[in-house]
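Below is one structure, written out as structure tokens, with a few remarks after it.
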Amino acid sequence: MSYWLMKSEPDEVSINDLARLGQVPWFGVRNYQARNFMRDAMQVGDGVLFYHSSCATPGIAGLARVASLPYPDATQFNPASPYFDAQSTPDRPRWVNVDVAHVATTPLIPLAILRQSPALAGMGILQKGSRLSITPVTAAEWQFITRNLMELHDVF
DNA sequence: GCCAACGTTGGC
DNA sequence: GCCAACGTTGGC
């Protein structure tokens, strides 16, 4: 079992949207490294820190879990979608996504708070210039965040 | 809106 | 294969 941090712009899909829908395809990833995490490394049941980016107060807004195997991202075939990729064909799809299911909505843990914890200094999201929308999280980081910052002891 | 940092593209 | 130019990300 692995852990991940996945960024979403709340204007597109917020933690409240995820709570309401229960489960969503993590569509729109157009970065090979992030795609490869979904395609090659994620397992159903993996823990996800749901992160709100590009908003007034960026930070971790809740917990989710990986809920499907990877499969072709439907938006790549839709010419009307901003995620359309003319190079991609159903025969040889370039982009995949997994489904992500809601686990918990938590009080927002702002990025500024994450930066204050030495235990989290190695997190991908905190590295200078890091833009990856999906980054691995260590078990120690996951436990520090869920136990110390969220005061949750019974998830995952 | 600014801008640092990064990934991708494409000419050579 | 190099690398300059460009587009994008995302915090501030």
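Convention: sequence-line order gives letters A, B, ...; per-chain numbering from 1.
- Note: CH2 (A:Trp95) to C1' (B:dT8) measures 10 Å, nearest angstrom.
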Name every donor-acceptor pair, under 3.5 Å, that has one atom in a side chain of residues 65-72 of chain A and the other anywhere in the protein, sequence neighbours excluded.
| residue | atom | partner | partner atom | Å |
| --- | --- | --- | --- | --- |
| A:Ser68 | OG | A:Asp99 | N | 2.8 |
| A:Tyr71 | OH | A:Asn97 | ND2 | 3.3 |
| A:Tyr71 | OH | A:Asp99 | OD1 | 2.4 |

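- Rounded to whole Å, the distance from CG on A:Asn31 to C1' on B:dT8 is 10 Å.
- In this view, A:Arg147 satisfies the side chain to side chain donor-acceptor pair (under 3.5 Å) rule with no residue, not counting sequence neighbours.
- Of the N and O atoms on the side chains of A:Thr75 and A:Asn78, not one donor lies less than 3.5 Å from an acceptor on the other residue.
- A:Tyr32 belongs to a hydrophobic cluster whose other members, connected by ILVMFWY side-chain contacts under 4.5 Å either directly or through intermediates, are A:Trp95.
- For A:Gln127 and B:dG7, the CD to P distance is 13 Å, given to the nearest whole Å.
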Could you go through residues 40-49 of chain A and list every donor-acceptor pair under 3.5 Å that involves a side-chain atom there, pairing it with any protein atom two or more places apart or in another chain?
| residue | atom | partner | partner atom | Å |
| --- | --- | --- | --- | --- |
| A:Asp46 | OD1 | A:Ser2 | N | 3.0 |
| A:Asp46 | OD2 | A:Trp4 | NE1 | 2.9 |
| A:Asp46 | OD2 | A:Gln43 | N | 3.0 |

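- Remark: C1' of B:dT8 and CD of A:Gln87 are 13 Å apart, rounded to the nearest angstrom.
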Using a 3.5 Å cut-off and no angle test, enumerate the donor-acceptor pairs between side-chain atoms of residues 115-126 of chain A and protein atoms at least two apart in sequence or in another chain.
| residue | atom | partner | partner atom | Å |
| --- | --- | --- | --- | --- |
| A:Arg115 | NH1 | A:Leu126 | O | 3.4 |

Pairs under 3.5 Å (N/O, protein and nucleotides 9-12 of chain C):
| residue | atom | partner | partner atom | Å |
| --- | --- | --- | --- | --- |
| C:dG10 | OP1 | A:Lys7 | NZ | 2.6 |
| C:dG10 | OP1 | A:Arg131 | O | 2.7 |
| C:dG11 | OP1 | A:Tyr51 | OH | 2.9 |
| C:dG11 | OP2 | A:Ser54 | N | 2.9 |

